[in-house]
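Here the structure comes first, spelled out in structure tokens, and everything after it is commentary.
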There are 2 protein chains.
Amino acid sequence: MESPDTRQRLVFTALRLFWEKGYGSTSIAEILQSASVNSGSLYHFFPSKQDLLLAVLDAYHEGIYPMLLEPAWAGIDDPIGKVFALLARYRKSLVDTDCFYACPIGSLALELHEPDPPVREGLAKNFRAWVGAIEGCLKDAAARLPRNLDRRSVAEFVLTTMEGGVMQARTFRDVAYFDNAVGQLKGYFDYLGRDAAASASRPTRKRGRSNKRRSR
Amino acid sequence: MESPDTRQRLVFTALRLFWEKGYGSTSIAEILQSASVNSGSLYHFFPSKQDLLLAVLDAYHEGIYPMLLEPAWAGIDDPIGKVFALLARYRKSLVDTDCFYACPIGSLALELHEPDPPVREGLAKNFRAWVGAIEGCLKDAAARLPRNLDRRSVAEFVLTTMEGGVMQARTFRDVAYFDNAVGQLKGYFDYLGRDAAASASRPTRKRGRSNKRRSR
DNA sequence: CTTCGCCTTGAACGATCAATCAAGTGACGT
DNA sequence: ACGTCACTTGATTGATCGTTCAAGGCGAAG
């Protein structure tokens, strides 16, 4: 495959290296060598390393649907099944890399302590897209979840579980920690499902307890 | 307070700086200046920067009970209350630092991509101690949780939730994301509590479904 | 052919990094 | 008084960092 587009090759190479080694530990020289590009070309397109990072975050964001969700959801119709199919994809990523790499955004989010607003926004944008996809599944699940359950909040919690599970699996180099996180989340969903079924068979009781989100 | 112990001053200083800026972004020179120590002294005690990191991880491990759990649990007897009191302490840390810093171990765990076994073991040891403390609470909760619920797995899930919630709160610079994670976890615990109460009033049914952990 | 502008080349720069080391200090045992 | 040794001093090292820049290639427009 020929790749005449230097800019794109740089972004993809940097994406891979940042994923594998983190942002701070990936040197410009390494990116240049991996992409077979000279420093002048890089700095022609990106004024600084941080601008390259921003381009990487954009590229990742662009790829969330076609590269992540689409393949993960191939042949899966059940909306809640889609949620766990996506988690299964991260599991595969962990297993394939001996529990080294999974979600590049999460790693970058905790590595970058700088307050640079554009970088943070790039990370946040990725998280929002991911959560939005899960939220869509939960909305599609309709009556299988409690009626007044805040779908967005639960979707954020799925991200919480995924990232926390990945962190532990990486630290212990054991995918069982990720499996446990997913298993507990599954338990939570089971409870939610039973709750929805129970209140459906007992229509419109008054007591309006429910998982409402706090104001933000 | 006088501090004649150079070694200890180095460890505490490094602990603080690693917490604030991460490991890779904290230079030896910065540690030396902050601790008012010369490089020769540092390298007298620690052969390399990584050895200093190991000492920091040890020190943090030593401090988990006296510096973290003890103050978080002061005046709290309810075991499940202790779990959420600990989470509340991380919340306070987030609020106090404008959502910059909370759990130093989690940040380091995702920053350090190196496979150095001793470092990973230092991180894992800290996680294990934390999970062990939560596990103790869950065991104390006794009948308020389903009888055959795996306490260790749920304790690991509490860590998952905390770390995932901190990651999102940091990225969005908004503690509401941490609050949501804790709120969802609370919802899960509510279900577990109701489940325990229900099966207690209906003693010893046969169907032994339950949150068993996978083999590891 | 000339000119212009995009893109590439790659040596070089100053800053900063972790780490070194020869020289020294001072408390302590003998 | 002397030797020993744990500890300190701080200049210095070589490597590596992100970044710069003068020079040149090259296709398209005039």
Side-chain angles (χ1 to χ4, degrees), chain A residues 2-57 59 107-108 111-119 122, chain B residues 2-59 107-108 111-120 122:
Chain A
E2 58 167 356
S3 58
D5 192 334
T6 302
R7 190 194 139 96
Q8 186 165 308
R9 197 163 68 253
L10 277 168
V11 172
F12 286 168
T13 305
L15 172 50
R16 179 175 53 85
L17 290 175
F18 289 167
W19 182 57
E20 289 174 5
K21 328 186 22 176
Y23 176 72
S25 303
T26 301
S27 70
I28 297 278
E30 215 166 350
I31 298 172
L32 295 174
Q33 188 180 351
S34 271
S36 301
V37 166
N38 290 93
S39 64
S41 294
L42 190 152
Y43 283 94
H44 172 73
F45 293 107
F46 308 102
S48 75
K49 189 184 180 186
Q50 178 174 304
D51 291 283
L52 176 57
L53 172 61
L54 290 174
V56 165
L57 291 176
S107 304
L108 289 171
E111 176 188 351
L112 303 171
H113 293 237
E114 331 140 52
D116 307 294
V119 174
Chain B
E2 57 167 358
S3 57
D5 190 335
T6 303
R7 191 195 140 95
Q8 185 164 307
R9 198 162 67 253
L10 277 168
V11 172
F12 286 167
T13 305
L15 171 52
R16 179 175 54 85
L17 290 174
F18 290 166
W19 183 55
E20 289 174 6
K21 327 186 27 177
Y23 175 73
S25 303
T26 301
S27 69
I28 297 279
E30 216 167 348
I31 298 172
L32 296 175
Q33 189 180 350
S34 270
S36 301
V37 166
N38 290 95
S39 64
S41 294
L42 189 151
Y43 284 94
H44 171 73
F45 294 107
F46 308 102
S48 75
K49 190 184 179 186
Q50 179 175 303
D51 292 284
L52 176 56
L53 172 61
L54 291 174
V56 164
L57 291 176
D58 273 350
S107 304
L108 289 172
E111 176 188 352
L112 303 172
H113 292 238
E114 330 140 52
D116 307 294
V119 174
R120 241 188 38 212

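Just so it is clear: chains get the letters A, B, ... in the order the sequence lines come, proteins before strands, and each one is counted from 1.
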Measure from [atom1] on [X] to [atom2] on [N] and round the result to the nearest Å.
{"X": "Phe45(A)", "N": "dT9(C)", "atom1": "CZ", "atom2": "P", "result": "11 Å"}
{"X": "Leu52(B)", "N": "dC17(C)", "atom1": "CG", "atom2": "C1'", "result": "15 Å"}
{"X": "Arg7(A)", "N": "dC6(C)", "atom1": "CZ", "atom2": "C1'", "result": "14 Å"}
{"X": "Asp51(A)", "N": "dG18(D)", "atom1": "CG", "atom2": "P", "result": "14 Å"}
{"X": "Glu30(A)", "N": "dA15(D)", "atom1": "CD", "atom2": "C1'", "result": "15 Å"}
{"X": "Phe46(A)", "N": "dT20(D)", "atom1": "CZ", "atom2": "P", "result": "15 Å"}
{"X": "Arg9(A)", "N": "dT8(C)", "atom1": "CZ", "atom2": "C1'", "result": "12 Å"}
{"X": "Gln33(B)", "N": "dA18(C)", "atom1": "CD", "atom2": "P", "result": "14 Å"}

- request: Output yes when at least one side-chain N/O atom of His44(A) is less than 4.0 Å from OP1 or OP2 of dT8(C), else no.
  value: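 His44(A) to dT8(C) OP1/OP2: no side-chain N or O under 4.0 Å.
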Looking only at non-hydrogen atoms, find the nearest pair between [X] and [Y] and report the distance.
{"X": "Ala55(A)", "Y": "Arg7(A)", "result": "CB-NH2, 4.3 Å"}
{"X": "Ala35(B)", "Y": "Leu10(B)", "result": "CB-CD2, 4.1 Å"}
{"X": "Pro118(A)", "Y": "Gln50(A)", "result": "CG-NE2, 4.1 Å"}

- prompt: For Thr26(A), which of Glu20(A), Lys21(A), Arg16(A) qualifies under side-chain contact (heavy atoms from CB on, under 4.5 Å)?
  reply: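 Exactly one option meets the side-chain contact (heavy atoms from CB on, under 4.5 Å) with Thr26(A), and it is Lys21(A).
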message: Taking atom types as they are modelled, would you say the side chain of Ser39(B) forms a donor-acceptor pair with the base of dA11(D) within the 3.5 Å cutoff?
response: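 Counting by modelled atom types and ignoring angles, a donor-acceptor contact under 3.5 Å is found here.
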Have a look at [X] and say if it touches a base, only the backbone sugar-phosphate, or nothing, with a 4.0 Å heavy-atom cut-off.
{"X": "Thr26(A)", "value": "sugar-phosphate"}
{"X": "Ser27(B)", "value": "sugar-phosphate"}
{"X": "Ile28(B)", "value": "sugar-phosphate"}

- request: Would you tell me whether Asp51(A) and Ser48(A) have side-chain atoms, one donor and one acceptor, within less than 3.5 Å of each other?
  value: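 The criterion, which ignores hydrogens and geometry beyond distance, is satisfied for Ser48(A) and Asp51(A).
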- request: Look at the side chain of Tyr43(A) and decide which nucleotide, out of dT9(C), dC6(C), dT19(D), has an atom nearest to it.
  value: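 For Tyr43(A), the side-chain atoms sit closest to dT19(D).
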task: Output the single nucleotide from dG10(C), dC7(C), dG10(D) whose closest atom is nearest the side chain of Asn38(B).
output: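 Shortest atom-to-atom distance from the side chain points to dG10(D).
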- prompt: Does Gly24(A) or Ser41(A) map to a spot on DNA chain D nearer the 5' end, using the closest nucleotide for each?
  reply: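 The residue closer to the strand's 5' end, by nearest nucleotide, is Gly24(A).
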